[in-house]
Amino acid sequence: MRDVRAWHLDEDEQVVCVAPAALWGVALEERQPPTDPVAYHGRQGKLTHWWSSTTGTLVVCGSKRRTYTAAELDFDPGVSRFAGEPVELHWAEGRIKHRWRPDFITVTRSGVRQAVVLARARMGAQWHERLAALQEVAAEAGWQVQVREVPHGIRRDNLLLLADYRQPAVCDRGHERALLAAFGQPRPLCEGVADSGVPDLLGRDHVYRLIWRRRLRIDWDRPLLPISLVWKAGRGR
């Protein structure tokens, strides 16, 4: 059993160092990193923040991989809140000292707290050692550990396109009803917008917003284009 200590910010935004058991019930998904984040794997670079439509807060992301995952967490209806790198774990193996931050801490709609770790193409000995340390911490803190694949390819491209429409926007109720009615069955995006009676550009924007809100659906294995099939959630495919 490793002697792990966890650094995080308390409710007064002061850095504290605690044993894993003291993390039980701590809302880390609402906290910022305990110290200034370091660019991914120590490389110099500009850190980014993801504005979460789920919570209306900024989430720290230290790499593009984390940004892509933040987009997916934001789109996931099962996630109620998440934060980037809000806890830093410290432990020693012999004379070697380790310091590591799980990529995200999330809490689900059902109240389950999760430590999210991004899968890597090559998950070597160091990665497995870090995961084992995290699993020990999670067992004492009452967390689950989730190893998550980073969105890639067509799914990632569609996700990032739709994420541009995640900000709150006023959508005319009549337009929204017309668009949902137009896509009662799967049909090309441009055709449904045209038949809805909503002006073309405005209608497409609203369709993207409705897809982000999961009111409309698409085939995530195909690029989202004007000719892509779109349908109302709970209908068709």
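These numbers come from the heavy atoms of this one structure, side chains and all, not from hydrogens, waters or symmetry mates.
- Between Val4 and His90 there is no side-chain heavy-atom pair separated by less than 4.5 Å.
- Residues Cys61 and Thr48 are in side-chain contact: their nearest non-hydrogen atoms beyond the backbone lie under 4.5 Å apart.
- Shortest non-hydrogen contact noted between Val87 and Pro102 is O-CD, 3.5 Å.
- With rounding to the nearest 0.5 Å, the separation of CG in Leu162 from CZ in Arg213 is 13.0 Å.
- For the pair Arg209 and Tyr165, the cation-pi test (distance below 6.0 Å, angle within 45°) is failed.
- Side chains of Ile96 and Trp91 form no contact here, defined as non-hydrogen atoms less than 4.5 Å apart.
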- Output, in order, the C-alpha distance, side-chain angles, deciding distance and verdict of side-chain contact (heavy atoms from CB on, under 4.5 Å) for Arg215 and Leu180. CA-CA 8 Å; Arg215 302 288 303 282; Leu180 291 173; 3.0 Å; yes

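- Using a 4.5 Å heavy-atom cutoff, the side chains of Thr69 and Asp103 are not in contact.
- In this structure, the separation between CZ on Arg130 and CZ on Arg99 is 10.5 Å, given to the nearest 0.5 Å.
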- For side-chain contact (heavy atoms from CB on, under 4.5 Å), just list the numbers for Arg204 and Cys190, CA-CA rounded to whole Å, side-chain angles, deciding distance to a tenth of an Å, and then say yes or no. CA-CA 8 Å; Arg204 294 190 188 192; Cys190 56; 4.0 Å; yes

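- There is no path of hydrophobic side-chain contacts, each under 4.5 Å, that joins Val15 to Val60.
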- Message: Checking Trp127 against Val117 for the side-chain contact (heavy atoms from CB on, under 4.5 Å) test, could you report, in this order, the C-alpha distance in whole Å, the side-chain angles of both residues, the deciding distance, and whether it holds?
- Response: CA-CA 10 Å; Trp127 187 90; Val117 180; 4.0 Å; yes

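- Remark: Arg148 engages Asp76 in a salt bridge, criterion side-chain N to carboxylate O under 4.0 Å.
- Cys17 approaches Trp7 most closely through the heavy-atom pair SG-NE1, 3.4 Å.
- Although no hydrogens or angles enter the test, the distance criterion places a donor-acceptor pair under 3.5 Å between the side chain of Asp74 and the main chain of Thr54.
- Contact detail for Ala27 and Arg113: the closest heavy-atom pair is CA-NH2, 3.9 Å.
- Connection of Leu89 to Trp24 is not established within any shared hydrophobic cluster, with ILVMFWY side chains joined at heavy-atom distances below 4.5 Å, either directly or through further cluster members.
- Two residues are said to be in side-chain contact when any heavy atoms from C-beta on lie closer than 4.5 Å; Val230 and Arg217 fail this criterion.
- Geometrically, Arg155 engages Trp220 in a cation-pi contact, judged by NZ or CZ lying under 6.0 Å from the ring centre and within 45° of the ring axis.
- Residue Ile227 qualifies as open at atom CD1: its count of foreign heavy atoms under 6.0 Å is 12 or below.
- What you find for Val145 and Ala138 is that their closest heavy atoms are CG2-CB, 3.6 Å.
- Using a cut-off of 4.0 Å between Lys/Arg side-chain N and Asp/Glu carboxylate O, Asp3 and Arg5 are scored as salt-bridged.
- Once rounded to the nearest 0.5 Å, the distance linking NE2 of His8 with CG of Leu23 reads 5.5 Å.
- Side-chain atoms of Ser196 and Arg177 include no donor-acceptor pair closer than 3.5 Å.
- Thr108 places none of its side-chain heavy atoms less than 4.5 Å from the side chain of Ser80.
- Between Glu129 and His98, the side chains place a donor N or O and an acceptor N or O closer than 3.5 Å (distance only, hydrogens not considered).
- Here the CZ-CG distance, from Phe104 to Leu118, works out to 6.0 Å after rounding to the nearest 0.5 Å.
- Here the closest heavy-atom approach between residue His206 and residue Asp172 is recorded as NE2-N, 4.4 Å.
- Counting non-hydrogen atoms of neighbouring residues, nucleotides and ligands closer than 6.0 angstrom, the NE2 atom of His152 reaches no more than 12 such neighbours.
- When every heavy atom of Phe82 is checked against every heavy atom of Ser52, the shortest pair comes out as CE2-OG, 3.6 Å.
- Relative to the six-membered ring of Trp50, Arg166 meets both conditions, a distance below 6.0 Å and an angle of at most 45° to the axis.
- Side-chain contact check for Val150 versus Arg65: some heavy-atom pair is nearer than 4.5 Å.
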- Item | Derivation of the salt bridge (Lys or Arg N to Asp or Glu O under 4.0 Å) call for Glu85 and Arg101 | CA-CA 6 Å; Glu85 308 175 59; Arg101 297 178 182 182; 3.7 Å; yes

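- Going from atom CZ of Arg81 over to atom OG1 of Thr106 covers 12.0 Å, rounded to the nearest 0.5 Å.
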- Item | Pair Leu224-Tyr208, side-chain contact (heavy atoms from CB on, under 4.5 Å): steps then yes or no | CA-CA 10 Å; Leu224 180 54; Tyr208 292 146; 3.8 Å; yes

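- Counting heavy atoms of neighbouring residues, nucleotides and ligands inside a 6.0 Å radius, atom CZ of Arg173 does not exceed 12 of them.
- Taking CG of Leu179 as the reference point, atom CG of Leu189 lies at 9.0 Å (rounded to 0.5 Å).
- Ile218 and Trp212 fall within the same hydrophobic cluster, where Ile, Leu, Val, Met, Phe, Trp and Tyr residues are linked whenever their side-chain heavy atoms come under 4.5 Å apart, directly or through other members.
- Using a 4.0 Å cut-off between charged nitrogen and carboxylate oxygen, Asp10 and Arg31 do not count as a salt-bridge pair.
- The pair Glu93-Arg2 meets the salt-bridge criterion, with a side-chain N (NZ, NE, NH1 or NH2) lying under 4.0 Å from an Asp/Glu carboxylate O.
- Under the 4.5 Å side-chain contact rule for hydrophobic residues, Phe75 and Ile154 do not share a cluster.
- Listed for the Asp219 side chain is no donor-acceptor partner under 3.5 Å among the backbone atoms of Leu229.
- When hydrophobic clusters are built by joining Ile, Leu, Val, Met, Phe, Trp and Tyr residues whose side-chain heavy atoms come closer than 4.5 Å, directly or via intermediates, Trp143 is not grouped with Val112.
- Taking the side chain as every heavy atom from C-beta outward, Gln32 and Leu9 approach each other to under 4.5 Å.
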